[in-house]
Every structure is written in C-alpha cells, then in structure tokens.
Amino acid sequence: MLHQNEMLLLKLGEVVLKGLNRRSFEDKLVSNTRRRLRHCGDFQIYVRQSTIYVEPRGDQCDMEAAFAACRQIFGVAAVARAVPCEKTVEAIAGTARAYLAPAFAAASSFKVESRRADKAYPMTSIQISQAVGGLLAEAFPAVAVDVHDPDLTVYVEIREHAAYVHAPSVPGAGGLPVGMGGRAVSLLSGGLDSPVSSWMMARRGVELEMVHFVSPPYTSQQALDKVLELARLLTAWTGRVIVHIIPFTHIQEEIRRSCPEEYFTLIMRRFMMRLSQAVAQRSHAGALITGESLGQVASQTMLALGVTEDVAALPVLRPLIGMDKVEIIRMAREIGTYDTSILPYEDCCTVFTPRHPCTRPKVEDVREAEAALDVEALVAEALAGETWVRIKPTDAPRI
Ligand code: ATP
Ligand code: MG
C-alpha cells in the first residue's frame with residue numbers, strides 16, 4: 001500500500017487508561033519514537049489526543065522500516081498506517097478508494113467506522129460512516145456492505161486539522177515507554193532466559209544496562225560475541241544499551257581452590273550480585289534483573305535464591321520466576337532472541353559446575369564457606385578489569 005502522504009498513527013498504551021502521569025508518558029514516548037526512527041528518514045513526530053503522529057518529511061523515508069520499528073516501541077498499544085485528507089465526505093471517500101483499493105479487491109464485504117475527535121464537526125460519526133460507506137459502495141459494487149462481520153473495516157477519524165483514513169491497526173509492543181520505570185542493571189548471559197527477562201522489564205518502562213561475566217580462557221570470544229549479539233537484538237526494543245563486561249576467571253578459580261564444591265555455584269552467584277550491584281550504584285540504577293525461574297536448576301530453589309539475594313541491597317527483579325520453560329521459549333521466539341540463544345557457546349556458569357550442588361543451602365553455611373576468600377579484594381580486582389561496549393540498533397550483526 002504505497003501512498004504519497006502515508007503516515008503512521010501510534011495509539012498510546014495503558015497510562016492513558018489509568019490517567020497516571022500522562023504528560024510525561026507522552027513526552028517520553030515522543031522522544032523515544034524520534035530516536036528510534038532516526039535511521040528510517042526525516043519524520044515530523046508529535047502527539048495529539050492520545051495518538052502519536054508520525055509524518056514523513058519528503059520522500060526519502062523508509063515507511064516499511066518505520067512501521068516495523070514503531071511496533072517495537074514500548075508504550076505503543078497499536079500502530080496504523082493512515083492517509084490524511086480534507087474533512088469532507090467526498091475527500092474521505094476518494095482517499096479511501098485510492099488508498100485501500102488493494103484491500104477492497106481482496107474483500108467481499110466492508111463497513112466504515114468513524115470517530116470524531118473534532119466535536120464541532122457538523123456530522124455525527126454515524127452520518128459520516130453512512131455517507132462515506134455509500135460512496136465506497138458505489139465505487140466498489142462487487143463488495144457488499146456488512147456492518148456486522150465485514151472482511152474489511154475502513155476507519156475514518158475526524159481530527160482538528162484533517163481527516164485520516166486507515167485500515168485496521170496492528171498491535172504494538174504494549175507496556176510503558178522505556179525510561180518511565182527507572183533504570184536497572186540486567187544480568188545477561190548467553191542463555192534463553194536472561195534476554196527474555198531483560199525484555200520483560202524493558203516493557204515495563206525500565207531502562208537497562210547489561211552486565212555480562214566472562215571467564216577467559218574457559219569462555220571464548222565467540223561466547224562473548226553471542227551475548228553482545230543478544231544485546232543488539234534487544235536494542236530493537238529498548239534502544240541503545242551499554243553492556244558492562246566483567247572478568248570472572250580469577251573469582252571462579254579462587255572459589256574452586258578454597259570453597260566446598262557443593263557451594264561453588266551459590267558463591268559464584270553471590271559474587272555476580274555484588275559486582276552487578278557495584279555497577280548499578282555507579283549508574284544510579286535502582287534494581288538488578290536476572291532470568292531466574294523457580295526450580296529450574298539447583299541454584300534456583302527458593303532457599304538458593306535466598307542465599308544469592310543475601311548479598312544484594314537492591315531489589316532483585318526476576319520476571320520469569322513463575323514461568324515455565326515452554327513459555328519462556330515461546331517468548332524468546334517472539335522477541336527474536338531464540339536462534340541466537342541456542343547457539344552452543346559455553347557460559348561461565350557452566351565452566352565449574354559442581355557434581356552435587358546443594359539444593360537446600362543455609363545462608364550461614366555459605367557465608368562461612370565464603371569466609372575463606374578475600375571477597376572485597378576479588379570484587380575490586382574484577383571491577384578494575386571491567387570494560388564496556390555501547391550497542392545501537394543500527395550496529396551490524398555480531399554473529
Ligand atoms: P540463562 O538462560 O539466562 O542463561 P540459566 O537458566 O542458564 O539462565 P543460570 O545460568 O543459573 O540460569 O543463570 C541465572 C541467571 O544469572 C541468568 O538468567 C542471568 O540473569 C544471570 N547470569 C548467568 N550467567 C551470567 C553471565 N555469564 N553474565 C551475566 N549474567 C549471568
Ligand atoms: Mg545460563
């Protein structure tokens with residue numbers, strides 16, 4: 001459906017319904033939309049009456065790319081492609097006739113549905129629908145009017161400055177605009193779970209910074225590239241992110257040397273919490289996010305989660321806690337991270353796995369086992385070795 005004046009209408013999500021802080025929701029969504037569409041061309045983007053208007057300036061805009069990008073912006077409930085026209089019945093019908101000709105060719109029945117945001121308009125919604133529907137029925141005699149179950153619904157909106165004609169809208173990403181929900185540090189591994197947990201919190205409006213732990217030479221450059229690629233895939237939804245890369249080898253070797261094997265994983269996870277928290281404090285982030293799901297592995301029993309959380313002062317958000325693996329996999333497919341997640345590269349977690357991990361650990365016992373280590377020095381050393389990468393949606397694939 002190529003059309004000269006084609007534009008996009010983004011319907012706002014749930015804050016409108018809740019009547020929360022609507023103004024800042026709208027401002028944030030407009031600025032996020034501007035940033036995310038920058039690579040698709042020059043657009044005029046503004047908000048009126050709970051709708052964001054995305055209008056191309058000139059003919060250099062990639063409308064297909066813009067449409068796809070808008071469907072990945074959190075806070076947008078629905079996206080419609082539309083064409084503006086004069087606010088007369090003739091202009092509206094003429095526009096619908098030209099713009100929706102392919103849709104009419106494929107339909108055997110239609111109806112017109114109108115909305116009037118301009119309450120001063122001299123016709124009611126029903127009158128507009130009847131008049132426009134009458135003209136369209138004449139133009140497309142093979143397509144019957146069916147107000148109950150039509151193949152095609154033509155939407156007409158009468159707004160302040162123009163009328164808009166569009167076909168049915170498609171669902172947007174939902175949720176809240178990124179940045180409305182504060183900032184959090186997400187622990188990103190190469191697995192299936194943490195990309196999904198990151199996505200879920202971003203959808204609640206949380207701006208993410210990622211932390212990834214590497215254990216060279218036990219983990220490879222390819223394993224790191226895989227994680228950076230997962231982060232890149234997530235930027236289609238979140239906008240650009242920073243990934244902090246923290247060396248973890250020495251900590252793991254020290255744990256293996258000095259601590260009982262059954263606590264390896266738990267002590268390792270406590271270090272992950274401490275290090276992530278240090279990053280969070282520096283970045284003024286208010287929470288940590290993990291991809292843990294209750295009972296999935298030995299370190300994710302309720303008692304084990306308690307032992308891990310023992311060292312965290314910030315809230316630890318675990319959006320997957322009550323989800324089944326099948327559901328997580330379905331989401332990974334939907335958000336586009338599945339194929340990369342299943343690439344078979346090692347993670348530092350799988351390097352030193354105990355043969356018989358303790359599934360009913362006591363905090364005091366783990367603390368005592370950990371006392372064999374100079375925790376502060378190991379944390380400081382790992383942080384001193386930290387590097388970071390900024391990843392943008394327009395970056396080339398890494399894998
Ligand atoms: P995932 O599928 O996300 O890898 P998992 O089921 O394999 O999770 P674990 O390996 O026990 O579970 O890790 C639990 C959580 O700890 C992960 O979801 C992730 O948030 C974090 N995590 C694990 N390994 C790393 C790592 N190398 N760097 C950063 N975070 C990690
Ligand atoms: Mg993992």
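Just the heavy atoms: all of them, side chains too, but no hydrogens, waters or symmetry mates, feed the values below. Whatever order the structure lists them in is the order used to number ligands and atoms, beginning at 1.
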- Is it true that a side-chain atom of Ser50 and a backbone atom of Leu12 form a donor plus acceptor pair closer than 3.5 Å? no
- Item | Nearest-option assignment for atom 12 (O) of ligand 1, heavy atoms, candidates His244, Gln300, Gln296 | Gln300
- Counting heavy atoms only, which of Met210, Arg269, Glu292 comes nearest to atom 16 (O) of ligand 1? Arg269
- Would you indicate whether the side-chain heavy atoms of Gln252 and Phe213 approach each other to under 4.5 Å? no
- With under 30° as parallel and over 60° as perpendicular, where do the rings of His166 and Tyr155 fit, or are they tilted in between? parallel
- Query: Which atoms of ligand 1 have any heavy atom of Val211 under 4.0 Å away?
  - Reply: 29 (C)
- Numbering as shown, the atoms of ligand 1 that approach Ser194 to under 4.0 Å (heavy-atom distance): 1 (P), 3 (O), 18 (O), 19 (C), 20 (O)
- Shortest reach to atom 1 (P) of ligand 1 by a heavy atom, considering only Ser189, Pro195, Ala223: Ser189
- Message: Under a 4.0 angstrom heavy-atom cut-off, which atoms of ligand 1 come close to Gly291?
- Response: 17 (C), 18 (O), 20 (O)
- Task: Output the list of atoms in ligand 1 that are nearer than 4.0 Å to some heavy atom of Gly191, sorted by atom number.
- Result: 1 (P), 2 (O), 4 (O)
- Message: Taking atom CZ as the centre, does Arg57 end up with more than 12 heavy-atom neighbours from other residues, nucleotides or ligands that are less than 6.0 angstrom away?
- Response: yes
- Task: Could you tell me whether Lys392 atom NZ has more than 12 heavy atoms of other residues or ligands within 6.0 Å of it?
- Result: no
- Distance-only N or O hit between ligand 1 and Lys325, under 3.5 Å: no
- Query: Taking non-hydrogen atoms only, is Leu188 closer than 4.0 angstrom to ligand 1 via side chain, backbone, both or neither?
  - Reply: backbone
- Task: Before signing off on this row, confirm whether Met272 and ligand 1 have an N or O atom pair separated by under 3.5 Å.
- Result: no
- Message: Taking the basic N atoms (NZ, or NE/NH1/NH2) and the acidic carboxylate oxygens, is any pair closer than 4.0 Å for Glu370 and Arg274?
- Response: yes
- Query: Can you list the atoms of ligand 1 that are under 4.0 Å from a heavy atom of Leu192?
  - Reply: 2 (O)
- Message: Any nitrogen or oxygen of Val297, side chain or backbone, less than 3.5 Å from one on ligand 1?
- Response: no
- Note on the structure: Per side chain to side chain donor-acceptor pair (under 3.5 Å), Tyr345 is matched among Gln221, Lys226, Gln222 by Gln222
- Message: Counting only heavy atoms from other residues, nucleotides and ligands, does the tally under 6.0 Å from CZ of Arg71 exceed 12?
- Response: yes
- Inspect the contact between Arg183 and Glu207 and indicate whether a charged nitrogen and a carboxylate oxygen are less than 4.0 angstrom apart. yes
- Message: Only heavy atoms of Thr290, strictly under 4.0 Å: list the atoms of ligand 1 that pass.
- Response: 20 (O)
